[in-house]
Amino acid sequence: MKNEDVAQLLFEIADLLEMQDVEYKPRAYRQAARNVQSLSADIEAIHERGELDDIDGVGESIASKIAEYLETGELDYLQQLRGDLDLDIEALTAVRGVGPKTARTLYREAGITDLEDLEQAAREGRIGEIEGFGAQTEANILDHIERAKRGQERTLIGRAFSRAEELHDRLDDAEAFDRVQIVGSFRRRRPTVGDIDILATASDAEAAMETFCGFEDVAEVRSRGETKSSITVPPDDLQVDLRVVEDRSWGAALVYFTGSKDHNITLRDRALDRDWKLNEYGLFDVSDVKDEGGKRAGEVLASETEEAVYDALGLAWIPPELREDTGEVAAAAEGRLPALVETDELRGDLQVHTDYSDGSHTVREMAQAADDRGLEYVVITDHGPETVAGGVDGDALADQQADIAAVNDDDAIDVTVLHGVEANVTADGLDIDDDWLERLDLVVAGVHTPPDDPTDRLVEAVESAPIDVLAHPTNRLLMERGGIDYDLDRVVDAAAANDVALEINAQPERLDLDWRAVKRHRDAVDFVVSTDAHATEELDYLHLGVAQARRGWCEASDVLNTEPLDTLPIDG
DNA sequence: GCCGTTTTCGGCCCGACTGTTTTCAGTCG
């Protein structure tokens with residue numbers, strides 16, 4: 001997939017054009033870049049079908065540039081724009097507070113071309129001397145470079161979860177606040193979040209800001225205004241933004257601050273078509289307003305609830321996980337939004353580890369924990385011998401089978417424990433004897449160390465071995481490494497043809513398969529959501545995996561472990 | 001550069017905050 005590469009090229013063109021004060025084109029290139037980024041299909045396949053200009057925001061000109069890049073690997077127009085200036089615009093604008101215009105000034109006035117130059121100039125006090133810049137700007141730039149270096153511009157949602165909820169509860173309990181809700185990418189359940197956005201109502205906004213910025217564990221108050229403030233909290237300086245609105249604007253503000261940006265733009269376009277205006281204060285009819293400078297100009301059509309705002313726009317309420325501008329607005333208009341799978345519809349967990357391999361708890365402890373969480377069944381799937389030291393082989397599997405039988409015989413534990421394995425896909429097949437593969441209730445298989453030809457190995461494994469579930473299909477680790485570079489479409493085809501389900505792994509650093517791929521292949525293949533728990537408390541990750549299934553437009557019928565045990569389509 | 005059941009030309013989402021200057025450009029979401 002070259003989608004991300006193409007998007008980055010278009011973003012760079014937009015930045016370079018903006019540096020030259022070109023009007024409107026940057027917006028067009030960014031829009032095209034974002035739309036390419038959120039495509040669910042492979043852009044090379046789209047190009048082969050000659051349908052590049054069917055992509056929203058891509059017209060004749062941008063289509064020909066994408067085609068040139070895909071065919072030659074280069075783009076003449078971009079080379080021209082770069083010209084002689086050897087500028088790492090992507091790195092520079094990645095520093096918060098530095099945009100294209102600032103990058104231009106830094107280049108012209110101080111010869112800064114990359115992050116290293118920028119840091120050195122800031123340390124030497126040369127930035128503050130540039131006209132229009134000051135000591136504060138210089139300090140901010142240094143601070144944000146540090147941040148970028150520490151790689152903490154984003155946080156795994158699973159890691160931010162408990163802190164976000166704790167902050168929510170603290171504000172909710174505070175006297176100054178009335179309604180409090182977490183919004184932004186957290187509410188949309190993106191795999192990683194840049195900050196925590198909180199929306200609130202308060203009769204006295206000033207007092208609310210005082211409370212928020214005055215929490216004793218605030219590391220830094222980054223900005224503080226009458227309706228909007230921003231702080232960072234330890235241990236890793238997670239940024240938390242608070243926006244206070246009036247009660248009557250609650251619904252419109254929820255829509256606005258939950259986003260995504262592209263979803264909001266599509267909603268606003270829809271409002272504009274009707275001669276209305278949509279902002280965080282409400283949906284307004286501005287057809288009779290000549291000068292619509294005011295924030296609340298015109299007659300308010302809806303604002304108090306999200307449902308009312310969507311309804312006034314002729315749309316069904318759209319679940320936050322879908323608000324990524326990937327077709328959800330059209331679906332809401334036509335009444336064909338999916339009935340998304342819910343966490344409490346999940347009846348079992350199909351990948352759980354114990355101390356037989358690298359888990360922390362015993363079979364009985366994991367079973368008890370699954371029972372405590374109301375699950376009907378849980379499958380113990382320890383690693384085979386090739387993945388981790390002490391992985392299960394034949395003898396260990398026999399012992400484990402006896403353990404499982406004992407737990408199942410125990411009336412104090414209601415959950416049904418099944419016996420499976422997480423086998424490693426290697427160049428020589430799976431690392432578990434064929435005999436055991438046949439006897440186990442469930443075979444989960446996954447790549448842990450990518451072989452030379454991962455596509456062939458995976459297709460071969462899926463076609464020839466009795467695999468039920470392909471675990472963490474791309475083996476990505478969020479913010480650490482991308483997935484294996486292989487042809488997912490071929491593997492999906494093979495999986496679909498052989499009744500192998502794809503896993504949506506709920507571990508915070510995995511959330512693999514990615515939601516975009518889930519959406520793309522939802523009609524072709526079945527999914528399971530598994531926690532891959534290595535300790536009892538990790539069984540609580542299930543909702544994170546379900547959230548990614550929801551982002552991939554999955555209904556309960558798309559997720560096998562919503563089935564009760566007796567109809568679960570696994571070959572025992 | 002893109003887009004169009006009011007347009008093939010003339011528009012292009014919108015508001016808060018910062019830093020620096022003194023009325024606003026730039027950035028962000």
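Within every chain, numbering begins at 1; the chains are lettered A, B, ... in the order of the sequence lines, protein sequences first and strands thereafter.
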Reckon [X] touches a base, only the sugar-phosphate, or nothing at all at heavy-atom distances under 4.0 Å?
{"X": "A:Pro26", "answer": "nothing"}
{"X": "A:Ser260", "answer": "nothing"}
{"X": "A:Ala135", "answer": "sugar-phosphate"}
{"X": "A:Lys25", "answer": "base"}
{"X": "A:Asp197", "answer": "nothing"}

Just how far, in rounded Å, is [atom2] of [N] from [atom1] of [X]?
{"X": "A:Glu23", "N": "B:dC13", "atom1": "CD", "atom2": "P", "value": "13 Å"}
{"X": "A:Arg96", "N": "B:dG19", "atom1": "CZ", "atom2": "P", "value": "13 Å"}
{"X": "A:Gln31", "N": "B:dC12", "atom1": "CD", "atom2": "P", "value": "15 Å"}
{"X": "A:Lys228", "N": "B:dA16", "atom1": "NZ", "atom2": "P", "value": "9 Å"}
{"X": "A:Leu272", "N": "B:dT5", "atom1": "CG", "atom2": "P", "value": "14 Å"}
{"X": "A:Asp21", "N": "B:dA25", "atom1": "CG", "atom2": "P", "value": "12 Å"}

Residue A:Ala28, side-chain heavy atoms: nucleotide from B:dG26, B:dG1, B:dG15 that is nearest: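 From the listed options, B:dG1 comes nearest.
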Quick check for you: among B:dG15, B:dG19, B:dG1, whose closest atom lies nearest to any side-chain atom of A:Tyr29?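 The listed nucleotide nearest to A:Tyr29's side chain is B:dG1.
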Out of A:His263, A:Glu321, A:Glu324, which residue meets the side-chain hydrogen bond (donor to acceptor under 3.5 Å, both in side chains) rule with A:Arg188?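 Result: among A:His263, A:Glu321, A:Glu324, A:Glu324 is the only option passing the side-chain hydrogen bond (donor to acceptor under 3.5 Å, both in side chains) with A:Arg188.
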